[in-house]
Amino acid sequence: MEGRIIVVTSGKGGVGKTTATASIGAALALEGKRVAVIDMDIGLRNLDVVLGLENRIVFNIVDVVNGKCKLRQAAIRDRRIENLFLIPASQSDNKDILTPAGVERVGRLLKKEFDYVLMDSPAGIERGFENSIASADEAVVICTPDVSSVRDADRVIGLLYARSITPKLVVNRIVPEMVAKGDMLSHEDVIDVLSVPLVGLVPMDQQVVISSNVGLPLVMQNDSTAGQAFRRIARRLNGESDLPIQVPSHKKGMWGMLTRKFGKK
Amino acid sequence: MGTNDMPPVKLKGVGDGFWITVDPQAPEETIEEQLTLLFQRLRHLAINARITLDMGGATGCDELVTRLTAFLKETFQVGVVTLPPEKRSIPVERTRQRDLSRGWKHHRSDVLMLRGRVRSGQKIESRKHIVIMGNVNPGAEILAGGHVIVLGQLRGRVHAGISEDETATVVALEFRPTHVQIGGVAAAGLDSAGNGKAEIAVVEKGRIVVQSYLESNLFDALPWPEVM
Ligand SMILES: Nc1ncnc2c1ncn2[C@@H]1O[C@H](COP(=O)(O)OP(=O)(O)O)[C@@H](O)[C@H]1O
Ligand SMILES: [Mg+2]
């Protein structure tokens, strides 16, 4: 069976695309899937750092697309998580070095090698975005609970629909205390505007910063609430669509169960 | 507009009362001044007299009629004030008969009617009216030559009556646009989150006014449904 290519995108920068790509990728690999995570943020690569694989880079995705190396030569195997591979971005080129057609061609090869291919898209909706969605069958849109992130996510969702991709939504960096006080949009407010299927809610979690600094996959840290949320997102993407969505709660150690049906208010 | 050679108020005796023709376009003070001049000359003849207020067939001056009626009654103790009996109009009858028989059936729509959500960055543009069954998100834009009706939340930018048509209106079940323009009149959105009621925006005295659609009764005065 052919693999699935999922683009992780958002429009806005700094909302957690790279964190989500690394975490969901690692979690899918822990589920026993063969996974490639690909850094499409040409010129600003950092997926390698988040995964702690920066010292092992030889080739990159630009080399693969331009035929300078084989796919297998560029794919770095993670030594801690079996079946997880990284294809890094190049650091020196700019985004125009790739074309959607070139990425699409490599996408067909990737699907033969892997069960899941996650494309970490750059911020923006220009060429870099076009490249990262070129070969995608599915999309996960990352959004944080603030007005500008919602606006950008909405724009990107419109562009994905225009390509007949129905994206799934992750709301990241939720601070339950602030939501409770009314200082932060709730996930309901976000879904009210975006109205796409939700795959998960991820709380703000210090472990995210710590684990990306030490290059240890978040989902391997059992005490990370964000890591747990990403593992559940991976399971949902991997077919467990009835796994209930948990709402981050500010009561320590507590998760509120989400019972309301989305899209109805 | 009132013309200079036509006096804003004319008075003539008819049977048991007086027939007053008023130009509703004239300033209200001028009308009252002229009425005062004329009625002072009538003296006691005005008391309890039957008055017919003829606004020259103009529509939409109900409030003016109410105020002038009160003014005449208080100032000159006139009797009953009525409007002239409506005359049957052959052209009007003809169009209404046509509406009944086939006019509406054969009317080609000037409406772009859409359903679904309009997202940030999407722009819907039409020389016609636009009706959207769905929500218009912040960052989306609706541009219509005529009216705009949103059967849902309106939270983006909206411009109705693009070619300077200030009679255009914007209706939304939840009216929260970030920016509204009707014809050449523009306004920033309101901060309020709406009150759960449908609202309508119209241009009134050069400004955009938003009011509850049901309470506005804007179209109740039209006795016959007409094509927009
Ligand atoms: N759930 C979270 N809790 C805390 N910090 C987070 C969370 N998600 C992301 N971050 C932090 O936010 C910053 C931006 O995340 P990143 O994944 O690089 O975003 P993007 O790839 O969209 O630019 C990083 O410093 C990351 O560690
Ligand atoms: Mg990134």
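Lettering follows sequence order; numbering is per chain, from 1.
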With a 4.5 Å heavy-atom cut-off (strictly below), which parts of residues 123-149 of chain A touch chain B? List them by number. none
Residues forming a salt bridge (Lys or Arg N to Asp or Glu O under 4.0 Å) with R231(A), sequence neighbours excluded: none
Can you measure from OG1 (T178(B)) to CZ (R151(A)) and round to the nearest 0.5 angstrom? 6.5 Å
Between CD1 of I157(A) and OG of S120(B), what distance do you get to the nearest 0.5 Å? 10.0 Å
Evaluate side chain to side chain contact (heavy atoms under 4.5 Å, CB included) for R155(B) paired with V193(A), printing each intermediate quantity in order. CA-CA 10 Å; R155(B) 296 174 66 180; V193(A) 171; 3.4 Å; yes
Only counting residues at least two apart or in another chain, list the ones meeting salt bridge (Lys or Arg N to Asp or Glu O under 4.0 Å) with R157(B). none
More than 12 heavy atoms of other residues, nucleotides or ligands under 6.0 Å from CZ of R127(B): yes or no? no
Among all residues two or more places apart in sequence or in another chain, which pass the ring-ring contact (aromatic ring centres under 6.0 Å, His included) test with H159(B)? none
Is it the case that the side chains of S195(A) and R117(B) hold a donor-acceptor pair, with the cut-off being a distance below 3.5 Å and no angle test? yes
Kindly check if the number of other-residue, nucleotide or ligand heavy atoms within 6.0 Å of CD (E2(A)) is above 12? yes
Flag, side chain of R119(B) to backbone of L194(A), donor-acceptor distance under 3.5 Å: yes
